[in-house]
Amino acid sequence: MKKYIIGNWKMNQSLDEITHFLKAITSHTPSEQVEIGISPQLIHLHHCLKNSPHFLNIGSQNCSQYLQGAYTGEVSPQALKELGTHFTLVGHSERRTLYGETNKEIALKTITALKTGLKVILCIGETLEQRESNQTLHVIKEQIDFLKNIPHTHNLLIAYEPVWAIGTGLSATANQAQEVHQFIRKTLSEFWEKSLASQTPLLYGGSVKPDNIKELMTQGDINGALVGGASLKAESFIKLYDSF
Ligand code: PGA
């Protein structure tokens with residue numbers, strides 16, 4: 001399977017910084033084994049789509065669970081698709097913890113976005129408290145359980161991001177990450193035919209940096225990384241995808 005290196009820019013990057021980033025990336029084609037992408041703020045999506053090299057996928061950080069209607073301030077996955085957006089993140093832990101998104105809403109967002117033909121990176125992960133009380137696998141199961149009701153699709157990717165590792169500099173060890181990825185893979189193969197479940201890309205996220213990415217990627221069920229801080233500067237992002 002290919003490796004995926006996806007940057008989550010969150011509410012960062014000015015237009016000037018984006019211009020510098022895109023210019024630097026343009027001369028650094030990734031190897032054929034790697035798919036790369038970034039998700040800028042919504043307001044910068046169009047600019048990024050227009051000015052990015054063809055090998056850089058551009059995604060949204062969120063989308064509505066509805067296709068259209070009276071939902072002030074929301075953005076339809078249909079509109080994202082029309083604009084040419086390649087993918088959307090759904091269920092990032094900051095959406096869950098800061099904006100109260102529930103598993104049910106996240107399931108609806110995932111299903112609606114997939115219907116439009118967008119690729120979806122479904123983000124899941126446990127808090128420190130849940131890990132310390134041995135709830136990790138239970139929490140993960142609950143977060144992906146809705147997938148048993150939808151057919152397998154190549155447009156779905158899953159990012160395991162332990163909440164305690166996001167933006168803290170405290171990455172999960174390669175073994176900790178692999179243990180959860182293996183569990184996700186096993187759970188998917190209970191929902192879908194095994195050969196299909198094995199094709200769903202599973203990304204790890206949480207303090208991934210150029211100096212720890214290699215070890216994480218040697219694990220059997222880790223197919224890529226969702227990267228926040230280390231994806232903001234082109235130099236560091238290039239190092240991440242040049243390591244393959
Ligand atoms: P981080 O963020 O790499 O800065 O820990 C990851 C994420 O939030 O997706």
Side-chain angles (χ1 to χ4, degrees), residues 3-13 17-18 21 25 34-42 44-45 48 56-63 85-101 106 109-110 113 118-128 130-131 136 139-140 143-144 156-174 176-178 180-181 184 201-217 219 222-244:
K3 297 283 188 214
Y4 295 79
I5 305 295
I6 309 294
N8 172 13
W9 283 355
K10 310 191 181 186
M11 207 170 72
N12 296 302
Q13 306 285 60
E17 287 167 328
I18 293 176
F21 182 99
I25 293 286
V34 192
E35 281 274 341
I36 64 171
I38 45 137
S39 36
Q41 299 184 60
L42 264 183
H44 293 148
L45 262 185
C48 289
L56 185 65
N57 294 288
I58 308 294
S60 168
Q61 298 172 12
N62 186 24
C63 68
T85 312
H86 304 113
F87 68 92
T88 182
L89 306 182
V90 167
H92 188 277
S93 82
E94 284 147 21
R95 301 297 317 167
R96 294 175 189 262
T97 56
L98 303 175
Y99 299 97
E101 288 189 11
I106 290 160
K109 287 183 181 206
T110 304
L118 272 180
K119 280 186 188 278
V120 172
I121 302 181
L122 168 65
C123 305
I124 57 173
E126 82 289 0
T127 62
L128 186 58
Q130 289 163 336
R131 172 160 285 264
T136 301
V139 169
I140 296 296
Q143 291 173 334
I144 59 174
L156 179 76
L157 294 80
I158 296 178
Y160 166 58
E161 300 200 296
V163 180
W164 48 272
I166 296 179
T168 58
L170 196 76
S171 169
T173 63
Q176 280 173 325
Q178 168 61 17
V180 178
H181 281 229
I184 298 168
L202 304 182
L203 281 52
Y204 167 78
S207 298
V208 174
K209 307 220 159 28
D211 60 8
N212 65 7
I213 191 163
K214 271 213 178 120
E215 201 196 340
L216 286 159
M217 294 306 133
Q219 303 297 310
I222 303 184
N223 313 115
L226 180 56
V227 189
S231 73
L232 292 171
K233 294 265 181 287
E235 296 69 19
S236 153
F237 188 64
I238 290 167
K239 273 191 198 152
L240 291 170
Y241 67 80
D242 262 3
S243 48
F244 302 100

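In listed order, ligands and their atoms are each counted from 1.
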Amino acids contacting ligand 1, non-hydrogen cut-off under 4.0 Å
Asn8, Lys10, His92, Glu161, Ala165, Ile166, Gly167, Gly206, Ser207, Leu226, Val227, Gly228, Gly229
Contacts under 3.5 angstrom, residues 161-169 side chains, donor-acceptor by atom type, not counting sequence neighbours:
residue, atom, partner, partner atom, Å
Glu161, OE1, His92, NE2, 3.4
Trp164, NE1, Glu126, OE2, 2.9
Thr168, OG1, Trp164, O, 2.9
Thr168, OG1, Ala165, O, 3.4
Thr168, OG1, Leu170, N, 3.1

I'd like to check Lys109 versus Asn62 (side-chain heavy atoms, cut-off strictly below 4.5 Å). Are they in contact?
yes
Are the ring centres of Phe21 and Trp9 closer than 6.0 Å?
yes
Taking salt bridge (Lys or Arg N to Asp or Glu O under 4.0 Å) as the test, write out the residues that go with Lys10, two or more places apart.
Glu94
Residues forming a ring-ring contact (aromatic ring centres under 6.0 Å, His included) with His44, sequence neighbours excluded:
none
Looking at Ile5, is its backbone amide N or carbonyl O close enough to the side chain of Glu35 to form a donor-acceptor pair, meaning the two atoms are under 3.5 Å apart?
no
